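Below you'll find the structure, written out as structure tokens, and then a few comments.
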Amino acid sequence: MMQAETLESIKRSASIPSMPLVATRCYEMTQDSNCDYNKLVELLSTDPGIAASVLRLANSPLFGVTRQVSSLKHAIALLGVKRIRDLVLARYLVQKTEELQCDLIDISYYWRISVTSAILTSKFANALLPARRDEAFMIGLLADLGVLVLAQALPDQYAPIAARYQPHSGDAWMHGEYNLMGVTHGEVTALVLEQWNLPEIMCEAVKHHHSEPADLPDNADAALLARIVGGASAIARVLAQTMPVEEAVSTCRQAMDKVDLDVKVLVKALDGLDEDIAQMAELIQVDVLNSRVFAVLTKQLAENLKTSGVATPAS
């Protein structure tokens, strides 16, 4: 009962941002395997800001494009409709997420966790579920959206939990959500994505990304994506704080066990991760909590994992 009441309160609070028409239409068009590039270009051109963002994103080293992308049609041809769709959604959703900023949440910490989770989720999915890699990035980026929605919709009730959404807080804040609110931020994120008419697999993955194995969705891909983003999120929190390397290694190993991936995949993902985070944050125009300490920890963590028996057989 408490869960239903909380979700209903959130719906009534008008804290769920609306999906812009261009983003909705873009998603509808790109669901068609025979999507007309010219019509998609025409749609995106109606918003100069998003058109510029797509070109900036398309020319990023993150996407491995070796020549200058000078037009929207060129960007679509090189990157493909699905990736363009996700780039458009990412930029619009970032804009909408910014509307949810409040004093209860350190937004720079939020974005460091979210961007790091998105990058790691994409890399892990590339190893386990490559057909869902681009969706995995979006799931990782949006997984904590419910934190912002809860903080804005129910600030008085959520304040004690929001105070623990910070480095060195462990998982206590997540347990506090259910105990105090009757819902998790994953369930609230799923509610938002459902309102935006995004695919059920994305809704299910974010809803269950902190769930125990017995509570994962029946859909195999959704369950795997939930485990992937859950593991990536745990590692992202490690990389957004200062802590003893041994403790960081232990947490990361547990996260990779949850994902069911060899630790060597994480070692590879950590290579250049700080640069990836900085580039992606610049591309989607968000501020991330920044510190050289994090880069030092990432390097130490990778070196420790390499030399402490990483050759565990892949499952």
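All values derive from a computational prediction rather than experimental measurement. For reference, positions follow the sequence shown, starting with 1.
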Nearest-0.5 Å distance, CD1 of residue Ile84 to NZ of residue Lys82: 13.5 Å
Close side-chain approach of Leu216 and Leu224, heavy atoms under 4.5 Å: no
Sequence neighbours excluded, every pair satisfying salt bridge (charged side-chain N to carboxylate O under 4.0 Å, His left out) that has a member inside residues 224-245: Asp171-Arg237
CD1-CG distance between Ile10 and Leu154, expressed to the nearest 0.5 angstrom: 5.5 Å
Value rounded to 0.5 Å, distance of CG in Leu180 from CG in Leu150: 11.0 Å
Rounded distance (nearest 0.5 Å) linking atom CZ of Arg83 with atom CZ of Phe137: 10.0 Å
Gln300 backbone acceptor or donor facing Asn304 side chain under 3.5 Å: no
Residue pair Met256 / Val265, side-chain heavy-atom distance below 4.5 Å: yes
Ala281 versus Val288, closest heavy-atom pair with distance: CB-CG1, 3.6 Å
Path from Leu21 to Leu43 over hydrophobic side-chain contacts below 4.5 Å: no
pair Pro199-Tyr27: side-chain heavy atoms closer than 4.5 Å: yes
Pairs flagged by side chain to side chain donor-acceptor pair (under 3.5 Å) wherever residues 135-151 is involved - sequence neighbours left out: Arg132-Glu135, Asp144-Tyr165, Asp144-His185
Side chain to side chain donor-acceptor pair (under 3.5 Å) against Gln285, all qualifying residues, sequence neighbours excluded: Arg91
Minimum heavy-atom distance Gly182-Glu187, with the two atoms named: O-OE1, 4.4 Å
Pair Asn197-Thr24, side-chain contact (heavy atoms from CB on, under 4.5 Å): steps then yes or no: CA-CA 8 Å; Asn197 293 317; Thr24 302; 5.8 Å; no
Spacing of Met243 atom CE and Leu301 atom CG [to the nearest 0.5 Å]: 9.5 Å
Backbone N/O of Tyr109 and side chain of Asp106: donor-acceptor pair under 3.5 Å: yes
Atom pair SG/CD1 of Cys102 and Ile107 - distance to nearest 0.5 Å: 8.0 Å
Pairs flagged by salt bridge (charged side-chain N to carboxylate O under 4.0 Å, His left out) wherever residues 24-43 is involved - sequence neighbours left out: Arg25-Glu28
Closest non-hydrogen atom pair between Ala269 and Lys123, with its separation: CB-CD, 3.6 Å
Minimum-distance pair of heavy atoms, taken over all atoms of Lys258 and Gly230: NZ-CA, 4.0 Å
Side-chain heavy atoms of Leu239 within contact of Leu270, under 4.5 Å: yes
Any side-chain heavy-atom pair of Ile235 and Phe124 under 4.5 Å: yes
Salt bridge (Lys or Arg N to Asp or Glu O under 4.0 Å) between Asp262 and Lys268, worked out: CA-CA 11 Å; Asp262 195 306; Lys268 185 177 179 181; over 6 Å; no
More than 12 heavy atoms of other groups within 6.0 Å of Asp215 CG: yes
Tyr158 versus Glu177, side-chain donor and acceptor atoms under 3.5 Å: yes
Backbone of Gln279 reached by a side-chain donor or acceptor of Glu282 within 3.5 Å: no
Nearest non-hydrogen partners of Val192 and Val149, listed with the distance: CG2-CG2, 3.9 Å
Listed partners of Glu8 passing side-chain contact (heavy atoms from CB on, under 4.5 Å), at least two apart: Lys11, Arg12
Side chain proximity check, Tyr110 to Leu148, heavy atoms < 4.5 angstrom: yes
Partners passing side chain to side chain donor-acceptor pair (under 3.5 Å) against Lys299 (at least two apart in sequence or in another chain): none
Leu266 vs Leu261, side-chain contact (heavy atoms from CB on, under 4.5 Å): CA-CA, chis, key distance, verdict: CA-CA 8 Å; Leu266 175 58; Leu261 269 178; over 6 Å; no
Side chain to side chain donor-acceptor pair (under 3.5 Å) against Ser211, all qualifying residues, sequence neighbours excluded: His208
Stepwise side-chain contact (heavy atoms from CB on, under 4.5 Å) check, Ile119 with Leu273: CA-CA 8 Å; Ile119 293 170; Leu273 179 62; 3.7 Å; yes
Within-4.5 Å side-chain heavy-atom neighbours: Ile105 and Val147: yes
Under 3.5 Å: donor-acceptor pair, side chain of Ser250, backbone of Glu247: no
Residues forming a salt bridge (Lys or Arg N to Asp or Glu O under 4.0 Å) with Glu200, sequence neighbours excluded: none
Leu104 side chain reached by Pro155 side chain, heavy atoms, under 4.5 Å: yes
Residue list, salt bridge (Lys or Arg N to Asp or Glu O under 4.0 Å) with Arg164, at least two apart or on another chain: none
Arg85: partners by salt bridge (Lys or Arg N to Asp or Glu O under 4.0 Å), with sequence neighbours left out: none
Check against side-chain contact (heavy atoms from CB on, under 4.5 Å), Val188 and Thr6: CA-CA 9 Å; Val188 176; Thr6 302; 5.8 Å; no
Results of side chain to side chain donor-acceptor pair (under 3.5 Å) for Ser122 - residues two or more places apart only: none
Partner residues of Lys207 under the salt bridge (Lys or Arg N to Asp or Glu O under 4.0 Å) criterion, sequence neighbours left out: none
Polar side-chain atom of Thr189 near backbone of Ala143 as donor-acceptor pair, under 3.5 Å: yes
Step-by-step salt bridge (Lys or Arg N to Asp or Glu O under 4.0 Å) determination, Asp221 to Arg133: CA-CA 11 Å; Asp221 282 5; Arg133 181 188 60 192; over 6 Å; no
Thr30 side-chain N/O to Cys26 backbone N/O, donor-acceptor pair under 3.5 Å: yes
Non-hydrogen atoms of Leu225 and Ala136 that approach each other most closely: CD2-CB, 3.9 Å
